[in-house]
Amino acid sequence: MPSERRRPPNEVNDIYIYILREQRTHQLKAERLSERSLYDERSISFLPVGPPVWARLPTDTAPTAKPLYANPGHLSIGTDARCRCGSPPDVSKPLRIIPCTIYSSLCAFQSTIEIRPCASCHPSSRQYAGPDLRHLGLFNFNNRRLFTHEVLDGFTNSMTATETPFNSYHTIMVRKYEGFSPAPFVSNRRLRTAWYSFSRIQDLSDSFMCEPEPLIVIFDGVTAGFDVKHVTESLRPPTMPVESSVKRVNV
């Protein structure tokens, strides 16, 4: 009977090394994509922003800005400028004035903004510090694109009231801008990134306090099923009492 042909040992080793190398390459790519996604969500604005008026609680301390319906004009750098990395500007470098677009719930406004090179980022990265602009009700995403708090809170309002997804809210904004705005609305992806970045600095707290021994407790839960392969003799529902269970005679 002829013997089974086997690969030479060196060929097997080469294949094994190749597989490990490919796995490591994909892992590094995934890590870089994850870091890039996190960095893309970092904004220039960093001061805490309060929730919209309809969601404010008596314990909320972060301010909620009034809606902005007009072009605020030139935006100065102020004293609270910082870079997306979190570092302050390099005051030894000269100021720059660049054009920017402000996206509101009505239309886009064309304006200018003051920026200054970051004190920590390498010059080749071309990262600049800019103003926070919370007092104007503006969210400075990357010095080029700014959003009013109202337009970002608008998605939160639609999502919580009518379960509106990102795609639908984006379509609504695109239609509102058509024929009335000097610049089109941002893409769906940029809207998502801006909203998630805005949610990082929005202070959403609660004042719910429960007494140590409440008279009424309301529970909510989900029903989970098990695959057939996990159904064994030792599988028991979590509500089944055992010898070590706490006995509550009044329940």
query = Can you name the nearest heavy-atom pair linking Ala108 to Tyr103, along with the distance?
reply = CB-CD2, 4.1 Å
task = Compare all side-chain heavy atoms of Pro52 with those of Gln202 and state whether any distance is below 4.5 angstrom.
result = yes
Residues clustered with Phe46, ILVMFWY side-chain links under 4.5 angstrom = Leu47
request  = Would you check if the side chain of Asn143 reaches a backbone N or O of Cys100 as a donor-acceptor pair within less than 3.5 Å?
outcome  = no
task = Test Ile201 against Phe139 for side chain to side chain contact (heavy atoms under 4.5 Å, CB included), laying out the working first.
result = CA-CA 10 Å; Ile201 65 171; Phe139 173 67; 3.7 Å; yes
message = In terms of relative ring orientation, are Phe166 and Tyr196 parallel, tilted or perpendicular, with 30° and 60° separating the classes?
response = tilted
remark   = Residue pairs meeting side-chain hydrogen bond (donor to acceptor under 3.5 Å, both in side chains), one or both in residues 154-165, sequence neighbours left out, come to Thr156-Trp195, Thr162-Thr164
ask   = Which ILVMFWY residues are connected to Ile77, directly or by a chain of links, through side-chain heavy atoms under 4.5 Å apart?
value = Leu95
request  = Please name all residues satisfying side-chain hydrogen bond (donor to acceptor under 3.5 Å, both in side chains) with Thr112, sequence neighbours left out, ordered by chain then number.
outcome  = His74
query = Of the options Leu191, Val174, Thr101, which is the one that meets Val186 in a side-chain contact (heavy atoms from CB on, under 4.5 Å)?
reply = Leu191
request  = Can you see which heavy atom on Pro94 is nearest to which on Pro117, and at what distance?
outcome  = O-CD, 3.8 Å
ask   = Counting heavy atoms not belonging to Arg192, are there more than 12 under 6.0 Å from its CZ?
value = yes
task = Would you name the heavy atoms of Cys83 and Ala129 that are closest together and state the gap between them?
result = N-CB, 3.6 Å
key: Set of side-chain contact (heavy atoms from CB on, under 4.5 Å) partners for Val246, sequence neighbours left out   = Arg248
message = Is it the case that the ring center of His149 lies less than 6.0 angstrom away from the ring center of Phe198?
response = yes
inquiry  = Please check this pair: side chain of Arg42 against backbone of Arg84, looking for a donor-acceptor N/O pair closer than 3.5 Å.
reply    = no
query = Linking Ile, Leu, Val, Met, Phe, Trp and Tyr by side-chain heavy atoms under 4.5 Å, what else ends up with Leu133?
reply = Leu68, Leu75, Ile98, Ile102, Phe109, Ile113, Ile115, Tyr128, Leu136, Leu138, Leu146
message = Could you work out, with side-chain contact (heavy atoms from CB on, under 4.5 Å) as the rule, every residue matching Lys176, not counting sequence neighbours?
response = Ser105, Ile172, Met173
remark   = Applying side-chain hydrogen bond (donor to acceptor under 3.5 Å, both in side chains) to Ser111 and not counting sequence neighbours gives none
note = Those residues at least two apart in sequence (or on a different chain) that pass side-chain contact (heavy atoms from CB on, under 4.5 Å) with Ala119 are Asp90
key: Non-hydrogen atoms of Ala194 and Phe147 that approach each other most closely   = CB-CE1, 3.6 Å
ask   = Would you find a donor on one side and an acceptor on the other, under 3.5 Å apart, between the side chain of Arg134 and the backbone of Ser45?
value = no
query = With Ser124, which residues qualify under side-chain hydrogen bond (donor to acceptor under 3.5 Å, both in side chains), at least two apart?
reply = His122
query = Distance-only, no hydrogens or angles: does the Ser181 side chain make a donor-acceptor pair with backbone N or O of Pro184 under 3.5 Å?
reply = no
inquiry  = Taking side-chain contact (heavy atoms from CB on, under 4.5 Å) as the definition, give me every residue that meets it alongside Ser76, ordered by chain and number, with sequence neighbours left out.
reply    = Glu114
inquiry  = Could you measure the distance from the CG atom of Asp203 to the CZ atom of Arg200? Nearest 0.5 Å is fine.
reply    = 15.5 Å
